[in-house]
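Some notes on the structure that comes next.
These figures come from a predicted structure and were not determined experimentally. Letters A, B, ... mirror the listed sequences (proteins, then strands); counts begin at 1.
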Amino acid sequence: MDSGSPSSTLVWLRDDLRLDDNPALSEAASLGQPLIVVYVLDEDSPGVRPLGGATKWWLHHSLTDLAAALEAAGSRLLLRRGPATDIIRDLALETGASTVLWNRRYGGPERRVDAGVKDWAAEHGLKAASFQANLMFEPWTVRTGAGGPYKVFTPFWRACLDGSEPRLPLDAPERLPAPSTDAGGRPPAGDALDSWRLLPRRPDWSGGLATTWQPGEAGAWQRLADFLDGPAEDYGTGRDVPGVEGTSRLSPHLRFGEISPFRIWHALRERFPHSAPADVGIFRSELGWREFCWQLLYENPQLATRNYRPEFDRFAWQAPSNAELAAWQQGRTGYPLVDAGMRQLWQTGWMHNRVRMAAASFLVKNLLADWRLGEAWFWDTLVDADAASNPANWQWVAGSGADASPYFRIFNPVTQSRKFDAGARYLREYLPELSGLDDKAIHEPWKAGGLAAGYPEPIVGLPESRARALETYQRLKDG
DNA sequence: TGATTATTTGT
DNA sequence: CAAATAATC
């Protein structure tokens with residue numbers, strides 16, 4: 001190494017687009033060497049799942065926010081594109097890096113990539129280190145008495161809670177070392193974000209996303225603050241009412257690591273210091289479901305394509321017609337709660353969890369469509385589309401997953417609508433053509449002459465489709 | 001983190 | 001006979 005050019009540190013950011021509680025970044029800052037912070041758009045490594053449309057939109061804005069935050073701290077975000085192993089290797093050589101740091105991820109193809117970088121670094125005398133940042137309970141640390149992974153959520157989460165408290169979050173470094181420069185004083189060259197074309201155009205469907213969300217760390221902290229000061233205390237009941245802001249809406253921020261689960265955990269602890277209300281425990285268990293889903297993906301890297309329960313390979317899914325699938329996707333099934341949810345998804349990139357269950361159950365049970373069709377649509381349209389939670393929860397609804405919903409649990413979209421949207425606030429927000437119907441009639445518009453305004457007739461009858469689903473599941477059970 | 005139907009309870 | 005409870009899918 002040239003004595004005139006000190007070696008540098010490389011921090012590789014992935015699904016951890018934050019300065020707060022970022023162990024890799026904090027470690028890099030403490031080393032004091034010139035620091036390169038890089039994000040790699042990797043659509044080339046084998047098995048790595050390409051982002052959907054909504055997450056691409058989110059990523060663009062999140063990276064914009066991250067770049068500004070890094071610059072404010074004296075650093076700079078470098079963007080490069082390609083197979084990550086090659087990109088990181090080349091960048092390390094180019095910048096004379098002595099150390100490469102990152103926060104761990106848990107998907108199969110991603111772990112192979114990271115292991116490849118670690119092996120290369122070891123062979124070439126570089127130090128490579130990874131950190132725990134994105135899961136509070138890493139999959140291999142939560143084991144049953146027999147030493148295997150948990151297959152049921154409740155004992156999984158109990159085992160997590162019985163262990164030691166998640167570590168305290170790290171504060172964001174106030175200053176970061178400037179990047180290393182070449183002989184001309186220039187930092188490494190990277191891509192312009194716009195050249196990645198992550199934003200939709202022709203048509204630009206992102207208007208509703210932009211008015212709903214503020215991607216980036218500041219937006220994540222705002223959501224957390226709003227939640228702690230508002231719905232958190234009544235989360236247990238409020239979370240089930242889609243017409244009310246009763247949930248945290250932190251999911252896309254967690255998806256991109258704009259806020260750390262450790263930060264959320266301890267913020268809850270501080271806000272409710274003495275004997276947290278039961279509602280806070282329920283919210284905390286939702287963080288637990290996220291951890292459980294990642295543990296499932298860690299153990300089952302094919303979770304998005306293979307039935308977790310192999311007996312479901314024999315299940316007689318019915319391929320929906322193009323018209324049926326389109327009706328579901330576009331919110332024209334004739335069932336108001338399902339349609340409101342699907343339109344909320346299309347317009348805002350997000351759907352209330354209660355409605356997700358109802359909409360997913362409708363596709364998988366009333367239409368008997370393969371859960372992978374729904375998973376793929378959600379992957380493309382959700383801003384919180386997560387490689388673990390999305391397939392795990394679809395399999396949960398289908399009955400093919402871990403700790404799955406029993407086959408006979410079939411949501412009735414009308415019953416759910418009456419029960420959780422009694423005042424029809426949610427229905428009226430997303431189904432303006434039904435807003436004239438009263439609170440009783442709006443849940444079943446086909447009965448009240450409510451179809452005049454162009455709202456569709458139900459595409460399938462509930463009693464028949466329910467019976468068909470029960471028979472089909474029964475046949476699987478009988479072998 | 002169901003729905004439906006049968007049965008029992010309470011007024 | 002409405003409402004809670006249980007049994008069944």
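Protein atom CD of A:Q474 is 8 Å distant from nucleotide atom C1' of C:dC9, rounded to whole Å. Between the CZ atom of A:R290 and the P atom of B:dT1 there is a distance of 24 Å, given to the nearest Å. We find that OH of A:Y473 is positioned 18 Å from C1' of C:dT8, with the value rounded to whole Å. In this structure, A:M357 atom CE and B:dA3 atom P are separated by 10 Å, rounded to whole Å. Distance CZ (A:F408) to C1' (B:dT1): 14 Å, rounded to an integer number of Å. The CZ-C1' distance, from A:F292 to B:dT1, rounds to 14 Å in whole Å. Atom NZ of A:K477 and atom P of C:dT8 are 13 Å apart (whole Å). When rounded to the nearest whole Å, the span between CZ of A:R418 and C1' of B:dA3 equals 12 Å.
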Practice task
Begin with the C-alpha distance, continue with both residues' side-chain angles, and end with the deciding distance and a verdict on side chain to side chain contact (heavy atoms under 4.5 Å, CB included) for A:W317 and A:W371.
Solution key: CA-CA 9 Å; A:W317 306 112; A:W371 59 266; 3.8 Å; yes
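Classification of the A:F256-A:W58 ring pair by plane angle, with boundaries at 30° and 60°, yields parallel. The aromatic rings of A:F312 and A:F315 lie parallel to each other, their planes meeting at an angle below 30°, with 60° marking the opposite boundary.
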Which pairs, protein N/O on one side and nucleotides 4-7 of chain B N/O on the other, fall under 3.5 Å?
unit_1: B:dT4; atom_1: OP1; unit_2: A:N412; atom_2: ND2; d: 2.8

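Counting only heavy atoms from C-beta on, A:L470 has its side chain closest to C:dC9 among B:dT1, B:dA3, C:dC9. Side-chain atoms of A:R409 lie closest to B:dT1 of the nucleotides C:dC9, B:dA3, B:dT1.
With 3.5 Å as the limit, one finds no donor-acceptor pair spanning the side chains of A:Y335 and A:N366.
A cation-pi arrangement is absent between A:K151 and A:F292, since the terminal nitrogen or guanidinium carbon is not both under 6.0 Å from the aromatic centre and inside a 45° cone about the axis. A:R354 forms a cation-pi arrangement with A:F420, by the criterion of a distance under 6.0 Å to the ring centre and an angle within 45° of the ring axis. A cation-pi arrangement is present between A:R14 and A:W12, with the terminal nitrogen or guanidinium carbon under 6.0 Å from the aromatic centre and inside a 45° cone about the axis.
Distances shown here put every side-chain N or O of A:Q416 at or beyond 4.0 Å from the OP1 or OP2 atom of B:dT1.
If you check every strand for non-hydrogen atoms under 4.0 Å, A:E471 touches nothing.
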